[in-house]
Amino acid sequence: QAQLVESGGGSVQAGDSLRLSCGASGRTFSSYGWFRQAPGKEREFVAAINWSGGDAYYADSVKGRFTISRDNAKNTLYLQMNSLKPEDTATYYCAATRGRVSTQGLSYGYWGQGTQVTVSS
């Protein structure tokens, strides 16, 4: 059975960095995405990447600060988050699909359980 497991979340100060990881097992996925959801808000797209890593997409709010990458040999997805801001506070979810890369959550059929990121000012 396919499974995604995120790790790397934590509590940091504004301006700090974190790297999230998402380990996949049970299936090979073509594309991955990172999404986040803050309390009282809807889930939002953060970043997405295709199989080769040659196509990556970012939300405007994280562009230039976050970098998505993947290691296919390790079946692992990463999200390097630099210059974190309090508004980045949310639960971050890894999502995967066997289809094309997408910025839409509905395109992803597999989701992790989430990892909490808290950024204080």
Side-chain angles (χ1 to χ4, degrees):
Q1 185 172 349
Q3 188 175 19
L4 301 174
V5 179
E6 302 98 333
S7 61
S11 297
V12 297
Q13 298 288 320
D16 286 350
S17 299
L18 278 176
R19 189 176 81 155
L20 305 184
S21 299
C22 173
S25 61
R27 182 160 287 183
T28 300
F29 297 103
S30 296
S31 306
Y32 287 100
W34 285 103
F35 293 79
R36 67 187 182 187
Q37 187 167 21
K41 295 187 177 181
E42 294 187 354
R43 183 181 64 194
E44 65 174 356
F45 167 75
V46 175
I49 191 168
N50 70 340
W51 169 260
S52 68
D55 287 335
Y57 303 88
Y58 297 93
D60 288 342
S61 59
V62 307
K63 204 171 291 183
R65 299 188 298 122
F66 291 11
T67 302
I68 189 172
S69 62
R70 62 188 292 173
D71 184 334
N72 291 335
K74 296 181 178 180
N75 286 331
T76 302
L77 174 73
Y78 303 100
L79 184 68
Q80 178 66 44
M81 305 186 296
N82 298 331
S83 302
L84 282 162
K85 303 176 180 180
E87 51 263 44
D88 294 319
T89 296
T91 301
Y92 284 71
Y93 297 92
C94 166
T97 177
R98 301 181 76 182
R100 291 186 173 185
V101 64
S102 172
T103 63
Q104 304 300 310
L106 291 176
S107 298
Y108 296 87
Y110 300 87
W111 293 81
Q113 83 289 348
T115 186
Q116 178 67 36
V117 172
T118 302
V119 185
S120 56
S121 58

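Only heavy atoms go into these numbers, but all of them, side chains included; no hydrogens, no water, no symmetry mates.
Side-chain contact between L20 and M81 is present, with at least one heavy-atom pair separated by less than 4.5 Å. The shortest distance between side-chain heavy atoms of F66 and L84 falls below 4.5 Å. Side chains of R36 and L79 form no contact here, defined as non-hydrogen atoms less than 4.5 Å apart. Between T89 and Q116 the shortest side-chain heavy-atom distance falls below 4.5 Å. Residues W34 and L77 are in side-chain contact: their nearest non-hydrogen atoms beyond the backbone lie under 4.5 Å apart. Contact annotation: the side chain of R70 approaches that of Y32 to within less than 4.5 Å [non-hydrogen atoms, C-beta and beyond].
Note on L4 and V46: same hydrophobic cluster, where clusters join Ile, Leu, Val, Met, Phe, Trp and Tyr whose side-chain heavy atoms are under 4.5 Å apart, directly or indirectly. Hydrophobic clustering (ILVMFWY, side-chain heavy atoms < 4.5 Å, transitive): F29 and I68 are in one cluster. I49 and Y58 fall within the same hydrophobic cluster, defined by Ile, Leu, Val, Met, Phe, Trp and Tyr side-chain heavy atoms under 4.5 Å apart, directly or through other members.
Closest of all the heavy-atom pairs between W111 and G105 is CZ2-O, 3.4 Å. For the residue pair G9 and V117, the shortest heavy atom distance occurs at CA-CG2, 4.2 Å. The shortest non-hydrogen separation linking E6 to Y92 is OE2-O, 3.9 Å. Minimum interatomic distance between T76 and G23 (heavy atoms only, all atoms of both residues): OG1-CA, 4.4 Å. Closest non-hydrogen pair, S121 versus Q13, comes out as O-OE1, 3.7 Å.
Checking side-chain atoms of Y78 against main-chain N and O of T67 turns up no donor-acceptor pair under 3.5 Å. With hydrogens and angles ignored, the 3.5 Å screen pairs no side-chain donor or acceptor of Q37 with any backbone N or O of A90. Put simply, the side chain of N72 never gets that close to the backbone of N75: no donor and acceptor are under 3.5 Å apart. With hydrogens and angles ignored, the 3.5 Å screen pairs a side-chain donor or acceptor of S31 with a backbone N or O of V101. For the pair N50 (side chain) and D55 (backbone), a donor-acceptor distance under 3.5 Å is present.
Summarising the geometry, atom CZ belonging to F45 is positioned 8.0 Å from atom OG belonging to S102; distances are rounded to the nearest 0.5 Å. The CZ atom of R27 sits 9.5 Å away from the CD atom of Q1 when rounded to the nearest 0.5 Å.
Under the 3.5 Å distance criterion, with hydrogens and angles disregarded, a donor-acceptor pair is assigned to the side chains of S17 and N82.
Less than 6.0 angstrom separates the ring centroid of F35 from the ring centroid of Y108.
The side chain to side chain contact (heavy atoms under 4.5 Å, CB included) test applied to S30 returns no partner, not counting sequence neighbours. When the side chain to side chain contact (heavy atoms under 4.5 Å, CB included) test is applied to S83, the partners found at least two apart in sequence or on another chain are R65.
The residues D88 and K85 are annotated as not salt-bridged, no charged nitrogen and carboxylate oxygen being separated by less than 4.0 angstrom.
Atom NZ of K41 is surrounded by 12 or fewer heavy atoms from other residues, nucleotides or ligands within 6.0 Å.
Listed by first and then second residue, the disulfide (SG to SG under 2.5 Å) pairs that reach into residues 73-121 are C22-C94, sequence neighbours excluded.
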